[in-house]
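From a predicted model like this one, the values you see are computed outputs, not experimental measurements. A note on names: the letters A, B, ... follow the listed sequences, proteins ahead of strands, and every chain is numbered from 1.
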2 protein chains.
Amino acid sequence: MEQYNAYSQLLERTARRVKQYAQYQFNCQQFGITVDQWTILKNLNQYADLAQKELAEYCEKDQPTLTRIVDLLVGKQLVERRPHPNDRRSFVVHLTPTGKAKVETLSGQVGTIRMQAWKNLNEADFEHLKRILDTIYDNLDVRKEETGRVPATEWLADKIE
Amino acid sequence: MEQYNAYSQLLERTARRVKQYAQYQFNCQQFGITVDQWTILKNLNQYADLAQKELAEYCEKDQPTLTRIVDLLVGKQLVERRPHPNDRRSFVVHLTPTGKAKVETLSGQVGTIRMQAWKNLNEADFEHLKRILDTIYDNLDVRKEETGRVPATEWLADKIE
DNA sequence: TCCATATATTTGTCATACTAATTATTATTG
DNA sequence: CAATAATAATTAGTATGACAAATATATGGA
């Protein structure tokens, strides 16, 4: 039982390396954005014009973090904030033409970068990983049993398109 | 092939939740330290009096990050910097009696917190997870084929004690 | 020995995660 | 309808991660 103490570091270091590798490739290939900024752009392109709160949920960022990433993307003129039609507290984040072009240009390259992790692994491995990580994720829900929460499994299905 | 784009988010969010859950428990139980600070203390207790560079390697932190975490732990009087016997560039980080007591008090509780992730999973799952994450880790080594690098698998064996 | 290079630590900067608090607006309820 | 509670976004503060540069010291070779 003692050994299970190590999984957290195992997870953390793998996640860190995945991000680090992607960012390294982003830099080498001069994408001009961070990996997290890419996540925002990609989700915006997929779902189009989301309020920041919704965007934060899709991207799995908290709201303060999302605010700052959007600030940076606005600075790079890749997105813009538009008033929300029904709620004056809220903004809708919109991909500029430049932003949309960037998503379309980079999509393939990001896909290639992401594939690199999967060398020497197969479909069954992915299924294992998915099941195990989803189980861990659900095991550690701090706010147990909230209404309307999306179980980990469904969330992933949504991400895969 | 498209789906492999999701594994990075899957990994990241799981790692984040694991840390978030642990930190939440640390806070509830008033441990008075962060999860990363715990990592330092635990490794110090296990290996005793390491130079910062070595400590950083064991804890999988980079050196600037380690310097800052050690600063915080020194502030909490849980560790102290001692001159390195053979190298005046270097410090040895030493657990104070308070620090050692803290490690011993918290070890069991941290173990309990960590185990929570493992509900509904078994030994075989752990082996799968370990193999898959180690493979990914090795797939994404930016500095290919350096001399003396420890393969992921051995690293884990070491962590398990 | 002297010099060039390597190493251990620190500092600085930017990006992100988390928490708490603030502001503006909306929704609810008495 | 008015007071209150809830919500969207922001701001601020702390901790961490990645990377570059600076400093002090060590090491190896001429």
Side-chain angles (χ1 to χ4, degrees), chain A residues 8-9 12-28 31-40 50-57 59-76 81-93 142-143, chain B residues 9 12-28 31-40 50-57 59-76 81-93 140 142-143:
Chain A
S8 58
Q9 253 184 286
E12 222 184 290
R13 73 171 199 155
T14 311
R16 209 161 51 226
R17 174 159 289 188
V18 166
K19 189 170 191 171
Q20 194 178 3
Y21 176 81
Q23 189 62 58
Y24 174 79
Q25 295 295 336
F26 274 37
N27 295 342
C28 289
F31 289 2
I33 54 175
T34 67
V35 171
D36 297 285
Q37 289 162 19
W38 169 253
T39 301
I40 310 301
L50 297 168
Q52 292 190 196
K53 164 132 186 145
E54 302 169 303
L55 186 53
E57 278 162 14
C59 300
E60 301 238 313
K61 305 287 178 196
D62 59 30
Q63 287 193 45
T65 299
L66 188 90
T67 291
R68 281 164 189 133
I69 298 179
V70 169
D71 286 345
L72 292 170
L73 291 172
V74 168
K76 294 175 181 179
R81 285 188 174 91
R82 293 180 171 180
H84 190 289
N86 315 321
D87 189 340
R88 288 192 305 170
R89 290 170 302 185
S90 192
F91 292 106
V92 157
V93 185
V142 165
R143 18 177 270 282
Chain B
Q9 251 185 288
E12 223 186 289
R13 73 170 201 156
T14 311
R16 208 162 52 229
R17 173 158 291 186
V18 165
K19 189 169 191 172
Q20 195 177 356
Y21 175 81
Q23 189 63 58
Y24 174 80
Q25 296 295 337
F26 275 36
N27 294 342
C28 290
F31 288 2
I33 54 175
T34 67
V35 172
D36 296 286
Q37 289 163 21
W38 168 254
T39 301
I40 311 301
L50 297 168
Q52 293 190 194
K53 164 133 188 146
E54 301 169 304
L55 186 53
E57 278 162 14
C59 299
E60 301 239 312
K61 308 283 178 197
D62 62 20
Q63 287 194 45
T65 298
L66 187 90
T67 291
R68 281 159 188 138
I69 298 178
V70 169
D71 286 344
L72 292 171
L73 290 173
V74 168
K76 294 176 180 179
R81 286 189 173 92
R82 293 180 170 181
H84 190 289
N86 314 321
D87 189 339
R88 289 193 305 169
R89 290 169 304 182
S90 192
F91 292 107
V92 157
V93 185
L140 301 182
V142 165
R143 16 177 273 283

> Are any of the side-chain heavy atoms of Gln52(A) and Thr67(A) separated by less than 4.5 Å?
Replying inline: yes
> For Arg82(A), what residues pass the side-chain hydrogen bond (donor to acceptor under 3.5 Å, both in side chains) criterion, not counting sequence neighbours?
Replying inline: Glu80(A), His94(A)
> Whole Å only: how far is the CZ atom of Arg17(B) from the C1' atom of dC18(C)?
Replying inline: 14 Å
>> On DNA chain D, compare the nucleotides closest to Gln23(A) and Glu54(A); which residue's is nearer the 5' end?
In response: Glu54(A)
>> Under a 3.5 Å distance rule, please check whether Lys61(B) uses its side chain to pair with a backbone N or O of Ile69(B) as donor and acceptor.
In response: no
>> How close do Glu60(A) and Arg16(B) get, counting heavy atoms only, and between which atoms?
In response: O-NH2, 2.8 Å
> What string of B, S and - do you get for nucleotides 10-17 of chain C 5' to 3' if you count protein non-hydrogen atoms under 4.0 Å?
Replying inline: BBBB-SSB
>> Please check: side-chain N/O of Glu12(B) versus main-chain N/O of Ala15(A), any donor-acceptor pairing under 3.5 Å?
In response: no
> What orientation do Phe26(A) and Trp38(A) show, parallel under 30°, tilted 30 to 60°, or perpendicular over 60°?
Replying inline: perpendicular
> Under a 4.5 Å cut-off applied to non-hydrogen side-chain atoms, are Cys59(B) and Thr65(B) in contact?
Replying inline: no
> If you walk 5' to 3' along DNA chain D, what is the first nucleotide with an atom under 4.0 Å of a heavy atom in chain B, and what is the last?
Replying inline: dA15(D) to dA26(D)
> Does Arg89(B) get its side chain close enough to the base of dT7(C), under 3.5 Å, for a donor-acceptor pair?
Replying inline: yes
> How far apart are the C-alpha atoms of Asp36(A) and Arg68(A), what are their side-chain angles, what is the distance that settles it, and do they pass the side-chain contact (heavy atoms from CB on, under 4.5 Å) test?
Replying inline: CA-CA 11 Å; Asp36(A) 297 285; Arg68(A) 281 164 189 133; over 6 Å; no
